[in-house]
Amino acid sequence: MVAVSAPYVAGFLAFREVPFLVEAVQRVQQEEPRLKPQVLLVDGNGLLHHRGFGVACHLGVLTDLPCIGVAKNLLQVDGLARDELHREQIRSLQRGGDTFPLTGTSGNVLGMALRSCNSSKPLYISVGHRVCLETAVRLVQSCCRYRIPEPIRQADIRSREYIRKQMCSPVKVPSSGPERKEKAELDD
DNA sequence: GCGACAG
DNA sequence: ATCTTGTCGC
């Protein structure tokens with residue numbers, strides 16, 4: 001369990017969560033050294049970001065591991081919007097694996113919208129660190145049993161269950177201030 | 001005042 | 001993110 005104090009501010013997610021994500025990666029290396037993460041899937045964006053450096057970039061640099069941003073909602077930046085054109089592009093995604101590029105007004109391709117499995121709502125994939133967008137999309141698609149890629153989904157499910165047990169189990173004795181949950185992401 | 005708003 | 005009501009598909 002970790003204690004998060006920094007508030008969530010759109011565009012500054014990394015400043016709230018990246019310290020705990022780095023901690024989690026280091027804990028894996030120390031407590032389970034035989035596990036060697038080759039890539040991290042992050043619940044958030046990479047280059048698809050106001051300043052082109054979202055939490056997936058932060059975590060990648062700090063851990064020196066390949067990193068992929070996987071967002072469940074479009075971060076409206078560089079002219080990208082959830083307008084009618086965007087909704088039309090989403091409708092054009094017919095099958096799992098279908099994609100369309102997220103090209104900003106600047107002309108840069110900031111990421112890809114990906115239809116994973118049978119979900120009509122796409123994922124927004126972007127480069128975090130040491131991986132190209134095409135590889136990122138293929139890798140995410142390859143580990144989607146449901147809409148959310150399984151590593152992130154399992155991290156989410158298990159962290160929530162941990163929190164639930166934490167609250168329903170007998171109270172501790174010399175407790176301190178209120179804590180918050182540790183969140184998801186992770187490897188393979 | 002109104003729209004935007006990763007998690 | 002969280003909460004709530006209702007619907008749809010397996």
Side-chain angles (χ1 to χ4, degrees), chain A residues 1-25 40-62 67-87 90 95-96 99-106 108-129 131 133 136-137 140 144-164 166-168 178-186:
Chain A
M1 185 81 86
V2 297
V4 182
S5 56
Y8 167 68
V9 180
F12 297 88
L13 179 64
F15 294 92
R16 169 182 164 87
E17 304 202 346
V18 91
F20 305 103
L21 299 180
V22 171
E23 206 173 87
V25 172
L40 306 180
L41 302 189
V42 182
D43 199 338
N45 293 297
L47 297 184
L48 177 49
H49 182 263
H50 302 75
R51 295 166 293 285
F53 205 79
V55 63
C57 300
H58 277 248
L59 186 60
V61 168
L62 293 177
C67 221
I68 299 170
V70 183
K72 298 182 289 295
N73 294 96
L74 175 65
L75 185 58
Q76 302 184 141
V77 60
D78 192 16
L80 295 172
R82 300 170 182 165
D83 53 16
E84 186 47 48
L85 171 61
H86 186 253
R87 286 190 288 272
I90 290 176
R95 303 193 163 190
T99 63
F100 65 83
L102 301 166
T103 306
T105 303
S106 65
N108 298 319
V109 176
L110 303 179
M112 292 282 266
L114 166 68
R115 175 163 181 152
S116 66
C117 305
N118 298 303
S119 175
S120 58
K121 182 170 181 175
L123 295 174
Y124 298 94
I125 311 303
S126 60
V127 167
H129 190 58
V131 60
L133 185 55
V137 169
V140 169
C144 279
R145 181 176 178 182
Y146 303 103
R147 176 179 176 244
I148 306 300
E150 209 56 18
I152 289 177
R153 183 169 165 271
Q154 287 300 318
D156 225 309
I157 290 172
R158 296 179 193 200
S159 65
R160 289 178 197 288
E161 180 176 16
Y162 181 83
I163 297 298
R164 183 181 60 75
Q166 195 72 44
M167 296 186 73
C168 295
E179 288 189 341
R180 282 276 287 190
K181 67 169 194 169
E182 172 173 340
K183 249 293 282 186
E185 56 78 46
L186 265 294

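Chain letters run A, B, ... following the sequence lines, proteins first and then strands; every chain starts at 1. Atom set for the values below is all heavy atoms of this structure, side chains included, hydrogens, waters and symmetry mates excluded.
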- request: Apply salt bridge (charged side-chain N to carboxylate O under 4.0 Å, His left out) to R51(A) and list each qualifying residue two or more places apart in sequence or on a separate chain.
  value: none

Between dA6(B) (C1') and D156(A) (CG): distance, integer Å: 14 Å

Which residues share a side-chain hydrogen bond (donor to acceptor under 3.5 Å, both in side chains) with N108(A), sequence neighbours left out: S106(A)

task: Report the residues that fulfil side chain to side chain contact (heavy atoms under 4.5 Å, CB included) with V127(A), sequence neighbours left out, ordered by chain and then residue number.
output: L47(A), L133(A)

message: What is the separation between atom CD1 on I148(A) and atom P on dA6(B), rounded to the nearest whole Å?
response: 14 Å

message: Regarding N45(A), tell me which of base, sugar-phosphate or nothing describes its non-hydrogen contacts under 4.0 Å with the strands shown.
response: base

- prompt: Do any N or O atoms from the side chain of R82(A) and from the backbone of L74(A) form a donor-acceptor pair under 3.5 angstrom?
  reply: yes

message: Please report the distance, rounded to the nearest Å, between CG in N118(A) and C1' in dC10(C).
response: 12 Å

With 3.5 Å as the limit, what N/O pairs link the protein to nucleotides 2-5 of chain B?
from   : atom 1 : to     : atom 2 : distance (Å)
dA4(B) : O3'    : Q76(A) : NE2    : 2.9
dC5(B) : OP1    : Q76(A) : N      : 3.1
dC5(B) : OP1    : Q76(A) : NE2    : 2.6
dC5(B) : OP2    : Q76(A) : NE2    : 2.1

query: Under 3.5 Å, side chain of T105(A) to main-chain N/O of D78(A), donor-acceptor pair present?
result: yes

message: Applying ring-ring contact (aromatic ring centres under 6.0 Å, His included), can you list everything that pairs with F53(A), at least two apart in sequence or on another chain?
response: H58(A)

task: Give a yes or no on whether the backbone of K72(A) and the side-chain of R147(A) come within a donor-acceptor separation of less than 3.5 Å.
output: yes

task: Only counting residues at least two apart or in another chain, list the ones meeting side chain to side chain contact (heavy atoms under 4.5 Å, CB included) with N118(A).
output: none

message: Using modelled atom types and a 3.5 Å cut-off, is there a donor and acceptor pairing between side-chain atoms of H129(A) and backbone atoms of A56(A)?
response: no

task: With sequence neighbours left out, write down each residue that passes side chain to side chain contact (heavy atoms under 4.5 Å, CB included) with R145(A), or none if nothing qualifies.
output: E150(A)

Rounded distance (Å) that lies between atom C1' of dG7(B) and atom CZ of F20(A): 14 Å

- line: In whole angstroms, the gap separating C1' of dA6(B) from NE2 of H58(A) amounts to 12 Å

message: In dot-bracket form, 5' to 3', how is DNA chain C paired? Count Watson-Crick and G-U wobble pairs only if both distances fall under 3.5 Å, and write | where the partner sits on another strand.
response: ..........

message: Only Watson-Crick and G-U wobble pairs, only distances under 3.5 Å, only runs of 3 or more: what stems does that leave for DNA chain B?
response: none

Set of residues satisfying side-chain hydrogen bond (donor to acceptor under 3.5 Å, both in side chains) with respect to E161(A), sequence neighbours excluded: none

query: Under 4.0 Å between a side-chain N/O of R160(A) and OP1 or OP2 of dT2(C), yes or no?
result: yes

message: Students often get this wrong, so: under 4.0 angstrom with heavy atoms, is V55(A) touching a base, only sugar-phosphate, or nothing?
response: base

message: Distance check, C1' atoms only: dC5(B) and dT2(C), in whole angstrom units.
response: 15 Å

- prompt: Which whole number of Å gives the distance between the C1' atom of dC2(B) and that of dT5(C)?
  reply: 28 Å

- prompt: Contact class for F15(A) vs. all strands (heavy atom < 4.0 Å): base, sugar-phosphate, or nothing?
  reply: nothing

Spacing between L123(A) atom CG and dG7(B) atom P, to the nearest angstrom: 10 Å

query: Can you tell me if the side-chain N/O atoms of K72(A) get under 4.0 Å from OP1 or OP2 in dG7(B)?
result: yes

- line: Those residues at least two apart in sequence (or on a different chain) that pass side chain to side chain contact (heavy atoms under 4.5 Å, CB included) with A113(A) are F100(A), L102(A), P122(A), Y124(A)

task: Find the distance D43(A):CG to dA1(C):P and express it as a whole number of Å.
output: 6 Å

task: Provide the distance between the two C1' atoms, one in dA4(B) and one in dA1(C), to the nearest whole Å.
output: 16 Å

message: Regarding G69(A), tell me which of base, sugar-phosphate or nothing describes its non-hydrogen contacts under 4.0 Å with the strands shown.
response: nothing

query: Once you round it to whole Å, what is the distance between C1' of dA6(B) and CG of N73(A)?
result: 8 Å

